Amino acid sequence: MKERSILVFLNAISRSIGDASTFKDYSLKDADPEMHALIEKEKQRQSRCLELIASENFTSRAVMEAVGSCLTNKYSEGLPGKRYYGGNEYIDQIETLCQRRALKAFGLDEEKWGVNVQPLSGSPANFEVYTALLQPHDRIMGLDLPHGGHLSHGFMTPKRRVSGTSIYFESMPYRLDESTGFVDYDMLEKTAVLFRPKLIIAGASAYPRDFDYPRMRKIADAVGAFLMMDMAHINPFEFCDVVTTTTHKSLRGPRGGMIFYRKDPVLGINLEGAINNAVFPGLQGGPHNHTIGGLAVCLDHAQSPEFKAYQSQVVSNCKALARRLTELGYKLVSGGSDNHLVLVDLRPLEIDGARVEKILDLASITLNKNSVPGERRYLYFPLLTNVSLLALVPGGIRIGTPAMTTRGFKEEDFVTVAECIHSGVQLTLEAKSSAPGPKLKDFMDYVEAPDFPLRGSLSALKSSVEALTSHFPIPGV
Ligand SMILES: *Cc1c(COP(=O)(O)O)cnc(C)c1O
Ligand SMILES: *[C@@H]1O[C@H](CO)[C@@H](O)[C@H](O)[C@H]1NC(C)=O
Ligand SMILES: *[C@@H]1O[C@H](CO)[C@@H](O)[C@H](O)[C@H]1NC(C)=O
């Protein structure tokens, strides 16, 4: 296959006026038809499917142009005005513009806050903060992953230190109160007093509620810890020392990360110097300037009234979705949502997230299975080689509204989404009861088989989903 495409490529070149150097000017379509065709297929898939993965979004054509620009050619280790290579006069302006826009987009005073826009993504940004503020084996506390926290906040199992964070630092999770689905701050406080962490991390990947920042600030102060927020949504700056964020989720920008830090020393540490040094030369080399260029474009957009309207629409849509699911009899973790996602506990229906995810996927609805608090079996973790102690069948699903809101969905569309998901759950229940065996694998093989008896109903659901999405184009298509 590879050889064939090289041949096609060489033929294309020889067909040009015999000048091999013109290959640089071939479009992707001509230079690499195989890759071009795959990208086109992915574009069609994105356009067709109902995208409900809470951490995904659709960036704009303008951001894609910046990311695909000549900025990808440039090496620029260091910071603006202090680079290791020449030729950075425009790159410096790009990065400075990006920093200024980042502070402005979050309403921050340049005297009090600074920002590093070079982190390559969210997880590296977090590790850079740990490198800056902690010594190896210092103690940290983050929300446990099975209760909605992020891997990079220190996840480990009884047998294995899974995240690099838990390999290099000592991690003690805090958790949700399983009876309410809200963070158990009393337990966090008690544990923090005993454990004396150096850093407490707020923020989550699958928690449908806001954090209580004043309470967390108090706990951090009581034990002499830094408070960092790994920001999903709301504005935590007032209470935090450091705030990290991805740039491709809430900001709808290129894939990347940012670290905001207070300029005044905290607990005797100059955060600015420590964090900039941890990014480079600590953990990274040359920044991705094309990403920084794209980020600057999206941060400019983030200050527009249109973007603010989008954000409140994301939350209203999520409330509409939560309301309709509740009417349909579903149990939501914490009973609702304050942000862009809901977590549905499917255990009362005696069905699980893995089966529902599979059926919905076959109907062009993309979302993910998720563990829910109180689950006896551990969490779903598909990439671990040692799965013996991990459940393959988590009890819930996570549904996010951001991506489809970007495509123009309103509350009534999310009522339809809830109903489509409900139809999918009904089909899953039927398929589970008629599957030839009790195992997940039996179910998966059964629903994939050409003679799956519910195929007609599934196709009908898929057609109605695609009829809905076809009215809402994706950016750049
Ligand atoms: C997505 C996410 C991350 C990680 O970001 P990557 O860019 O995937 O590395 C970290 N923390 C939270 C809360 C996230 O949601
Ligand atoms: C990126 O930008 C920096 C300055 O911001 C510059 O020095 C560097 O050459 C650029 N290169 C890349 C690859 O990002
Ligand atoms: C996607 O973008 C919208 C607004 O542009 C934002 O409100 C939403 O939070 C973003 N999605 C995620 C997952 O952060």
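Being a predicted model, the structure only gives us computed values, none of them experimental. Read the numbers this way: they start at 1 and go in the same order the structure lists the ligands and their atoms.
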Determine whether more than 12 heavy atoms belonging to other residues, nucleotides or ligands lie under 6.0 Å from atom CZ of R262.
-> yes
Who's closest to [atom] heavy-atom-wise, of [options]?
atom                    : options                : result
atom 8 (O) of ligand 1  : P119, A125, G203, S121 : S121
atom 15 (O) of ligand 1 : R255, H248, K249, H153 : K249
atom 10 (C) of ligand 1 : I201, L151, D230       : D230

So, K104 and D109, do they make that salt bridge, N to O below 4.0 Å?
-> no
Would you call R324-E419 a salt bridge at under 4.0 Å N-O?
-> yes
Can you name the atoms of ligand 1, numbered from 1 with element, that are less than 4.0 Å from a heavy atom of [X]?
X    : answer
T246 : 5 (O), 7 (O)
S205 : 14 (C), 15 (O)
S123 : 4 (C), 5 (O), 6 (P), 9 (O)
H150 : 2 (C), 3 (C), 4 (C), 10 (C), 11 (N), 12 (C), 14 (C)

Between N270 and G273, is there a donor-acceptor pair closer than 3.5 Å when you use the side chain of the first and the backbone of the second?
-> yes
Under the ring-ring contact (aromatic ring centres under 6.0 Å, His included) test, residues paired with F472 that sit two or more places apart = F409
For H422, ring-ring contact (aromatic ring centres under 6.0 Å, His included) partners two or more places apart | Y330
Tell me whether the guanidinium CZ or amine NZ of R139 lies under 6.0 angstrom from the six-membered ring centre of F195 and within 45° of its axis.
-> yes
Tell me, please: is A204 in heavy-atom contact with ligand 1, that is, under 4.0 Å?
-> yes
Closer than 4.0 angstrom: is that true for some heavy atom of M231 and an atom of ligand 1?
-> no
Before signing off on this row, confirm whether G122 and ligand 1 have an N or O atom pair separated by under 3.5 Å.
-> yes
Does S152, backbone or side chain, put an N or O under 3.5 Å from an N or O of ligand 1?
-> no
Can you tell me how far CE of M216 sits from SG of C240, rounded to the nearest 0.5 angstrom?
-> 8.5 Å
